[in-house]
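Taking it in order: structure first as structure tokens, then the write-up.
What you see is a predicted model, and the numbers here were worked out from it, not measured in a lab.
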Amino acid sequence: MAEFTMELNDEQKEVRDWLHGFAADVIRPAAAEWDEREETPWPVIQEAAKVGIYSLDFYAQQYFDPTGLGIPMAMEELFWGDAGIALSIVGTGLAAVGVLANGTEEQIGTWIPQMYGDVNDVKVAAFCSSEPDAGSDVASMRTRAVYDEAKDEWVLNGTKTWATNGGIAGVHVVVAVVDPGLGSKGHASFIVPPGTPGLSQGQKFKKHGIRASHTAEVVLEDVRVPGSCLLGGKEKLDERLARARERAAKGGERVKNAAMATFEASRPAVGAMAVGTARAAYEEALEYARTREQFGRPIIDNQGVAFQLADMRTQIDAARLLVWRASWMAVTGRKFENAEGSMSKLFASETAKKVTAQAIQILGGNGYTREYPVERMHRDAAIYTIFEGTSEIQRLVIARTLSGLPIR
Ligand SMILES: Cc1cc2nc3c(=O)[nH]c(=O)nc-3n(C[C@H](O)[C@H](O)[C@H](O)COP(=O)(O)OP(=O)(O)OC[C@H]3O[C@@H](n4cnc5c(N)ncnc54)[C@H](O)[C@@H]3O)c2cc1C
């Protein structure tokens, strides 16, 4: 009989406690400094590499946890430590997943180790899809990849924006248009190897939160990459484009569903990051409410404060359950018939924004200062409702899935 449990097993608890220790001892104490510096925390990434948290092996191990809880558990703990630093540690994973999802075995073996570097010389990688005029509307992408058959090279031109680690990465994974007639189905992904001429960093953004994570434009001017840098290879691309043209003629429904399934499976990880930030702020608020006294008693003695904490904790637990359900569905190959992945990201990210704002309120004046971490957590939390699909896009996906209608 199939077993059902909502408890982590001993091995999972061990990994969770180990990650929590790293988050508490290494990440959290460094958070305020790197937030102020607005720079990539290389020494912390190196520490993570030393202990085995910064490598493909570690994330693959979590990903293949048959319960599906490995990745959400890891994200929650690291982001509990600090969102900006944690994104600097896990951001390379975005590019690695791009290669894992579309690359050949040879490409995976060649490029993923280079993305992480080694303990003595850590590297980061970037995944570049968004453009100034193509955010939520991915189909409006303009960066063009043209095949130069004589040289077996692809030539990339365009401007990417909002790229996490963009310009400071060794390996960049760039999504570009290979067939403008096919919308998002005419896109392909390319590896741009370290030091390739023509790729440069544009503006580095000064951000509201997650300031320890580098975000920048990436400019591509006649960037030439070998044919072997097309992820999946030319033959597979030609077959895929032929199928997409055929399906486009019939309405294009099946291809759209395949792309959606990928997002459904990846969004819970962002939900788990949001749960980590929300939990961190809640814990700060709970501790403060227990110890801060006004009118001769701890402020938690007031229902107005205690009930806020009760709601915060309830929403965090509900968010985690949605994230765990969606992650379990992804790993066990369940179909996301109700857009459960998007639901988890929507609820967890909105919860993080709300809970971190309540935490500031509970800490009063102190909550509003940089002496306490909740104002940083609140600034950080705002990203979760924006990247990997905004809350509005999550609602659109959920509404379309539930109704079966092309709601606009
Ligand atoms: C810090 C940070 C890191 C990022 N990292 C990466 C990265 O590594 N790689 C990468 O490729 N991208 C990255 N992104 C980009 C991110 O995914 C986009 O910002 C996001 O998809 C939204 O696109 P946009 O900013 O262009 O907003 P827009 O799409 O212009 O949206 C603006 C507003 O309009 C709303 N809106 C748009 N369309 C609709 C609609 N149909 N219905 C209702 N409302 C709508 C949106 O919800 C939003 O509120 C990052 C962004 C940030 C801020």
Side-chain angles (χ1 to χ4, degrees), residues 8 11-35 40-63 65 68-97 115-116 119 122 124-125 127 164-165 209-215 266-284 316 319-320 323-324 327 344-345 348-349 351-352 355-356 373 376-377 379-381 383-384 387-388:
L8 298 178
E11 205 181 316
Q12 288 168 328
K13 282 182 191 160
E14 209 176 295
V15 176
R16 180 198 59 193
D17 294 346
W18 169 59
L19 288 170
H20 187 75
F22 185 82
D25 299 341
V26 182
I27 297 182
R28 183 70 69 85
E33 179 192 341
W34 293 99
D35 174 60
T40 300
W42 291 105
V44 186
I45 302 176
Q46 192 167 23
E47 278 304 304
K50 270 189 202 155
V51 300
I53 294 172
Y54 189 69
S55 71
L56 176 68
D57 278 359
F58 171 70
Y59 295 100
Q61 228 173 331
Q62 299 317 310
Y63 182 80
D65 176 340
L69 301 188
I71 290 287
M73 193 183 68
M75 294 300 163
E76 180 177 335
E77 293 310 324
L78 294 174
F79 282 73
W80 174 91
D82 177 63
I85 293 178
L87 190 62
S88 284
I89 294 172
V90 307
T92 295
L94 275 179
V97 167
M115 289 181 172
Y116 287 93
V119 178
V122 286
V124 292
F127 178 74
T164 299
N165 297 334
I210 55 163
R211 301 198 303 187
S213 169
H214 172 102
T215 317
S266 64
R267 283 178 175 153
V270 180
M273 298 173 187
V275 171
T277 300
R279 193 184 107 210
Y282 156 77
E283 287 175 7
E284 292 289 328
I316 292 166
R320 185 185 299 107
V323 165
W324 282 16
S327 304
S344 72
K345 199 257 180 189
S349 58
T351 294
V355 163
T356 52
R376 184 181 68 249
M377 292 165 182
R379 286 187 285 108
D380 292 343
I383 191 57
Y384 301 124
F387 67 9
E388 194 79 8

Distance check, rounded to the nearest 0.5 Å: [X] atom [atom1] versus [Y] atom [atom2]?
X	Y	atom1	atom2	result
Gln61	Glu11	CD	CD	8.0 Å
Met73	Leu78	CE	CG	10.0 Å
Gln12	Leu69	CD	CG	5.5 Å
Asp35	Asp82	CG	CG	7.0 Å
Tyr54	Ile89	OH	CD1	9.0 Å
Glu47	Ile85	CD	CD1	12.0 Å

Does the [X] side chain pair with the main chain of [Y], one donor and one acceptor, at a distance under 3.5 Å?
X	Y	value
Lys345	Tyr384	yes
Asp380	Ile210	yes
Thr92	Val124	no
Tyr59	Ile53	yes
Arg267	Glu388	yes
Glu76	Met273	no

(message) My understanding is that only residues two or more places apart in sequence, or in another chain, count here; which of them pass side-chain hydrogen bond (donor to acceptor under 3.5 Å, both in side chains) with Thr356?
(response)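 In terms of side-chain hydrogen bond (donor to acceptor under 3.5 Å, both in side chains), with neighbours along the sequence ignored, Thr356 is linked to His378.
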(message) Within the 4.5 Å heavy-atom criterion, are Phe127 and Thr164 side-chain neighbours or not?
(response)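 Counting from C-beta outward, Phe127 and Thr164 never come under 4.5 Å.
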(request) Determine whether Arg379 and Arg211 make a side-chain contact, defined as any pair of heavy atoms from C-beta on separated by less than 4.5 Å. (result)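 Yes; the side chains approach each other to less than 4.5 Å.
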Could you report the tightest heavy-atom contact between [X] and [Y], atom names first, then the distance?
X	Y	value
Leu56	Tyr116	N-CE1, 3.7 Å
Ala212	Ser88	O-OG, 2.9 Å
Ala95	Ala125	CB-CB, 3.7 Å
Leu19	Ala74	CD1-CA, 3.5 Å
Thr40	Trp34	O-CZ3, 3.5 Å
Ser344	Pro268	OG-CA, 3.6 Å

(message) So for atom CD, which belongs to Glu14, do other residues, nucleotides or ligands contribute more than 12 heavy atoms lying within a distance under 6.0 Å?
(response)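 No, not enclosed.
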Got a list of side-chain donor-acceptor pairs under 3.5 Å for residues 22-32, not counting sequence neighbours?
| unit_1 | atom_1 | unit_2 | atom_2 | d |
| --- | --- | --- | --- | --- |
| Arg28 | NE | Trp80 | O | 3.4 |
| Arg28 | NE | Gly81 | O | 2.9 |
| Arg28 | NH1 | Glu284 | OE2 | 3.4 |
| Arg28 | NH2 | Trp80 | O | 2.7 |

(request) Check the pair Arg279 / Met377 against side-chain contact (heavy atoms from CB on, under 4.5 Å), numbers first and verdict last. (result) CA-CA 10 Å; Arg279 193 184 107 210; Met377 292 165 182; over 6 Å; no
(message) Between Phe387 and Leu87, does the side-chain contact (heavy atoms from CB on, under 4.5 Å) criterion hold? Intermediate values first, please.
(response) CA-CA 12 Å; Phe387 67 9; Leu87 190 62; 3.9 Å; yes
